[in-house]
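The model shown is predicted, which means the values in this text are computed figures rather than measured ones.
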Amino acid sequence: MSVPLYQAKAELFRTLGHPVRIRVLELLQDGPKPVRDLLAAIDVEASNLSQQLAVLRRAGMVTSHRDGPLVVYSLSTPDVADLLAAGRRILGAVLTDRDALLHELRADGQAR
């Protein structure tokens, strides 16, 4: 039995629901990185990073390969970077709307 598309989409967005996973994906937008570079850029324990990388790998958002002693991760498709960019645009629009609303509320309160 196949999973409905809306359920698969929900699982994809749940995968994005952790700050470490988002940060990993952001860092990988610049190209493949070994785990040691990811660890240096993200303030988490190695075991936590390993768990988050495993989640991303299982979801198909990243791929990994060995380069000698290093494990190197990369985005599985450029579409992941596009999704992150869309998230930034949406967040920017939402925050802009909130700033405008907050400004309007403050102006309305001072007028009374």
Shortest non-hydrogen contact from A8 to V3? N-CG1, 3.9 Å

S76 side chain to G60 main-chain N or O, any donor-acceptor pair under 3.5 Å? yes

Would a distance-only check, ignoring hydrogens and angles, find a side-chain to backbone donor-acceptor pair under 3.5 Å from S50 to A46? no

Do L27 and D37 come within less than 4.5 Å of each other through their side chains, counting heavy atoms only? no

Do L5 and L83 belong together in a cluster built from hydrophobic side chains that touch within less than 4.5 Å? no

How about D43: does its CG atom have over 12 heavy atoms from other parts shown lying under 6.0 Å from it? no

Using the side-chain contact (heavy atoms from CB on, under 4.5 Å) criterion, which residues pair with E11? Sequence neighbours excluded. R14, T15

Which heavy atom in Y73 sits nearest to a heavy atom in L28, and how many Å separate them? O-CD2, 3.4 Å

To the nearest 0.5 Å, tell me how far N48 CG sits from L53 CG. 9.5 Å

Shortest non-hydrogen contact from V20 to Q52? CG1-CG, 3.7 Å

M61 vs V55 side-chain heavy atoms within contact, under 4.5 Å: no

For the residue pair L84 and E26, what are the closest heavy atoms and their distance? CD1-N, 3.9 Å

Should L16 and I22 count as side-chain neighbours, where that means a heavy-atom distance under 4.5 Å? yes

Hey, what do you get for CG (L70) to NE2 (H65), rounding to the nearest 0.5 Å? 9.0 Å

V72-L39 co-clustered via ILVMFWY side chain contacts under 4.5 Å: no

Out of curiosity, does F13 fall in the hydrophobic cluster containing V24 (side-chain heavy atoms, cut-off under 4.5 Å, transitive links)? yes

Rounded to the nearest 0.5 angstrom, the CZ-NE2 distance for R23 and H18 is 14.5 Å

Which atoms form the tightest heavy-atom contact between L25 and V80, and what is the distance? CD2-CG1, 3.9 Å

